[in-house]
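Every number for a ligand or one of its atoms is a count from 1 in the order of the listing. Residue numbers start at 1 and run along the sequence shown.
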Amino acid sequence: MQFPPFLDVPASEPDEADVLLLPLPFEATVSYGGGTAAAPEAIWRASAQVELWDEETDVDLAGLRIHSAEPLFPRRNELVQEYLDRAWTAAAELHRHAGLVIGVGGEHSVSPPLVLAATGTEETGTEDLSELTVVQFDAHADLRLEYDGTPHSHACAMRPLLDRGARIITVGCRSAEREEYAHGLASGRVRTFMARNLARDPGEEAALLECLDGIEGSVYLTVDVDVLEVHLCPGTGTPEPGGLGWWQTLGWLDRLLRGNRRCRLIGVDVVETAVQPGTRVNEFVAARLLAKILAYHACPTTNTT
Ligand SMILES: [Mn+2]
């Protein structure tokens with residue numbers, strides 16, 4: 001089943017696309033609230049309602065060449081590892097083309113295969129990822145070794161990447177287990193900007209901007225929508241209070257996507273949107289967030305704010 005064209009912009013072929021979107025309606029290890037399986041289709045439908053002119057960047061999204069890949073639906077009785085293997089294969093196929101590949105979840109457990117595909121690294125390989133920085137917007141650290149008996153949980157999304165040498169910058173965290181936090185700290189490669197400090201300490205935003213400006217080399221961006229204030233993502237699996245504001249989040253994404261010319265964006269995912277009956281907030285916010293990411297990516301102007 002194909003979704004309607006993203007943003008209602010006529011679809012482009014993969015070879016000529018500026019952006020290649022991969023819908024991942026995956027929901028297997030959700031530990032609390034459900035609804036991520038239905039999210040990609042709802043986001044695609046909601047995207048038709050998003051204005052195509054981005055007033056902030058003056059980008060006309062109608063001019064973007066967007067390719068949406070076939071949604072990667074889980075198969076009946078499919079093991080989590082099998083699905084994640086297929087996610088890697090689908091993403092690697094899209095990375096053969098020149099455009100930016102963006103995975104749209106689905107739960108956060110899809111990130112490791114998407115990141116590895118973006119780096120051209122096999123899932124089962126042991127290649128060192130120390131040249132890679134992952135910028136993670138997330139309410140949670142996602143650094144557990146396993147959760148609910150599986151290492152493929154949404155709560156473990158960053159762990160395999162960290163353990164293979166990637167540097168992780170986490171923005172908006174406000175929920176972590178003592179051990180996973182300690183593991184990240186001990187690695188010396190995790191920099192965490194707690195939501196609490198960003199809200200209370202005026203110096204913390206300056207430190208974050210300096211950190212984003214200092215990234216060099218390959219960077220992968222993963223946005224777990226639960227990083228946002230709960231009213232923007234009430235359906236997400238674990239709606240944590242004390243989240244980031246909309247403009248605050250966009251300002252930092254802008255800074256990463258347009259403000260730093262020394263890093264190279266190799267891939268993006270937006271995950272953990274969950275649809276709820278009776279409201280369109282979840283999918284529309286995700287569609288809007290994707291549209292903003294597309295606008296920042298498309299706009300060559302260096303941000304000087
Ligand atoms: Mn997460």
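- The Mn ion (ligand 1) has His108 ND1, Asp138 OD2, Asp142 OD2, Asp224 OD2 as protein N, O or S atoms under 2.8 Å away.
- Remark: His183 pairs with Arg159, Asp163 by the side chain to side chain donor-acceptor pair (under 3.5 Å) rule, at least two apart or across chains.
- For Ser130, the side chain to side chain donor-acceptor pair (under 3.5 Å) partners at least two apart in sequence or on another chain are Asp128.
- A salt bridge between Glu16 and Arg65 is absent, with no side-chain N of the basic residue lying under 4.0 Å from a carboxylate O of the acidic one.
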Intermediate values then yes/no, side-chain contact (heavy atoms from CB on, under 4.5 Å), Met158 and Thr222: CA-CA 10 Å; Met158 294 299 112; Thr222 177; 3.8 Å; yes
Verdict with reasoning, Phe6 to His67, per side-chain contact (heavy atoms from CB on, under 4.5 Å): CA-CA 8 Å; Phe6 194 75; His67 173 77; over 6 Å; no
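- Partners of Asp58 by side chain to side chain donor-acceptor pair (under 3.5 Å), not counting sequence neighbours, listed by chain and number: Trp53.
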